[in-house]
Amino acid sequence: MSRKTILLMAVVTGVIVANLNFIQPIENLIATDFGISKAVVGMLAMITQLGYALGLLLIVPLGDIFNRYRLIQFMMILSIISLLLAFLSPNATIFAIATALIGITSVAPQIIIPYAGYLAPPLQRGKVLGIVLSGLLTGILLSRSFSGLLGSIMPWQDIYLIAAGIDLIFLVIVNRFLPRDERGHQDFRYWPVIKTLPKLFASQKALRSSAINGFCMFGMSNVLWSTLAFYLAAQYNLGSNVAGLLGLLGIAGVLVAPWVGTLVDERSPRLTIGLSMIFSGVAFVIFWLIGAWLIGLVIGIILLDLGTQFSQVSNQAIVQSLNRKESSRNNSIFMFSYFLGGSFGTLFATWAWSHFGWIGVCLVALVFLIIAIGDHFIIGEPEKLNREA
């Protein structure tokens, strides 16, 4: 793979995944505009994540059947339409439908990631996936900053219109420069392929472990990001612009992603998964003990994003090393679990915030961490990646 191709995949992945996170820093603005409670707007954020999880389960496996070059562009077109619906939404009900559709249609990154793993040489797969996933994390981080800052100076609806325009530009770029899928159309039927998902999950220990770890680690990440805007408003009387700026602290995770991929290649994914739990666990200890001070939030956010990135890169390297012919389906299972965990993190954290405040939010994260530790020691990750896939 040329470096230009890898960077293109990384950038496009980041641009599309950004659609999922625009809502987080502007939850207060949406609640005020539509006259709904914070708990309800938290449910809207969860709907986006659930929609994405549904798209991962039902659409991403199509990457093992159809030409991925064309499938990626088709999903980008549907995503642009969904963003325009969010922009035009006159009430919370239509906006809820739009957010669900944004989640369902923004799955192109999870078609791109196994495609990158398919194209990459086996000995460089971790490094290539690390670069592409750094694009994914960059998109998540910048989307929060983009949304939070623009939400402070213009109507929040305009954010979705601008995003649709950016996605349209990148659709043209993808059409011109993304590598064509040499496999073409595969001789598989849709429902038989979907029916293989439970069997793949049950038969592959490494996939089960990665799915559970991803569920927990992304759940912990969303525990923070789904409640941070509320906490900043209550604790510091700060708005969406600050919530967006704090998202930029995760740049540390972006910078280490290629290095994490190299560490997975040369050392062990089990090691890097262990480090991910340490980083995320320490982050919430800091949130709990000194989260009332801004310096505590800053340090904790950096550590949490490092933990999230260590987990994501390590698990993707494991999943993409299992079987190239089943790469899209394995990725579908992993990412379904990943974003299901994110949606649960959003749901439980917003509920805990409403009833118990910041301490309740930190306790929700602790439950996710305990499950991840149990998975690490009971099921466990492979010491080395499979180089034969």
Side-chain angles (χ1 to χ4, degrees), residues 1-22 52 56 60 63 68-69 71-73 75-76 79-80 106-146 163 166-181 214 218 221 247-265 272 276 305-306 308-321 327-328 331 334-335 338-339:
M1 295 178 68
S2 70
R3 185 165 184 82
K4 183 177 74 172
T5 298
I6 298 170
L7 291 176
L8 171 63
M9 288 182 159
V11 173
V12 173
T13 297
V15 168
I16 301 171
V17 80
N19 300 338
L20 304 174
N21 300 284
F22 292 140
Y52 194 67
L56 291 168
V60 170
R68 283 177 281 201
Y69 169 76
L71 181 60
I72 289 165
Q73 294 178 70
M75 296 312 303
M76 290 180 71
S79 181
I80 291 168
S106 296
V107 295
Q110 304 310 325
I111 302 170
I112 293 173
I113 289 169
Y115 193 26
Y118 177 85
L119 295 172
L123 294 177
Q124 298 179 12
R125 189 171 292 144
K127 182 178 180 179
V128 169
L129 288 171
I131 295 172
V132 175
L133 289 167
S134 70
L136 187 84
L137 183 58
T138 301
I140 293 172
L141 298 177
L142 294 184
S143 67
R144 293 170 182 147
S145 302
F146 172 88
I166 293 173
D167 282 15
L168 180 60
I169 292 170
F170 275 93
L171 175 61
V172 175
I173 295 173
V174 165
N175 179 265
R176 175 68 179 83
F177 295 106
L178 190 71
R180 272 52 173 178
D181 190 352
F218 194 56
S221 176
L248 291 176
L249 295 172
I251 195 69
V254 176
L255 295 175
V256 304
W259 175 76
V260 175
T262 301
L263 190 62
V264 171
D265 283 333
T272 49
S276 77
D305 279 322
L306 283 173
T308 303
Q309 188 71 342
F310 266 73
S311 169
Q312 171 79 323
V313 174
S314 304
N315 284 315
Q316 280 288 2
I318 293 169
V319 170
Q320 297 308 320
S321 72
S327 60
S328 288
N331 190 57
F334 167 65
M335 292 306 303
Y338 190 81
F339 276 88

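In what follows, every heavy atom counts, from backbone to side chain, and hydrogens, waters and symmetry copies are set aside.
Evaluation of the ring-ring contact (aromatic ring centres under 6.0 Å, His included) rule for Tyr52 yields Phe339 as partners, not counting sequence neighbours. Ser311 pairs by the side-chain hydrogen bond (donor to acceptor under 3.5 Å, both in side chains) definition with Asn213, Asn315, not counting sequence neighbours. Listed by chain and number, the residues in a side-chain hydrogen bond (donor to acceptor under 3.5 Å, both in side chains) with Arg3 amount to none (sequence neighbours excluded). For Thr138, there are no side-chain hydrogen bond (donor to acceptor under 3.5 Å, both in side chains) partners, not counting sequence neighbours. In this structure, the side-chain contact (heavy atoms from CB on, under 4.5 Å) partners of Ile140, at least two apart in sequence or on a different chain, are Val17, Asn21, Arg144. Asn331 is linked by a side-chain hydrogen bond (donor to acceptor under 3.5 Å, both in side chains) to Gln110, Gln316, counting only residues two or more places apart in sequence or in another chain.
At least one side-chain heavy atom of Gln312 sits under 4.5 Å from a side-chain heavy atom of Leu136. Between Met9 and Leu119 there is a side-chain heavy-atom pair separated by less than 4.5 Å.
Expressed to the nearest 0.5 Å, how far CG of Asp305 lies from OG of Ser221 amounts to 6.0 Å. The structure places CD1 of Ile6 at 5.0 Å from CD1 of Ile131, a figure rounded to the nearest 0.5 Å. In this structure, OG on Ser106 lies 8.0 Å from CE on Met75, to the nearest 0.5 angstrom.
Shown here for Thr272 and Phe310, the closest heavy-atom pair between the two residues is O-CD2, 3.6 Å. Scanning all heavy atoms of the two residues, the minimum distance from Ile111 to Arg68 falls at CG2-CG, 3.9 Å. Between Phe22 and Ala163 the shortest heavy-atom distance is CE1-CB, 3.4 Å. Nearest heavy-atom pair, Gly139 versus Ala18, reported as atom, atom and distance to 0.1 Å: O-CB, 3.6 Å. What you find for Leu129 and Gly117 is that their closest heavy atoms are CD2-N, 4.0 Å.
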Listed pairs under 3.5 Å, donor-acceptor, residues 166-176 side chains, sequence neighbours left out:
from, atom 1, to, atom 2, distance (Å)
Asp167, OD2, Asn19, ND2, 3.1
Asn175, ND2, Gln73, OE1, 2.9

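Proximity of a side-chain donor or acceptor of Tyr115 to a complementary backbone N or O of Asp181 within less than 3.5 Å is detected.
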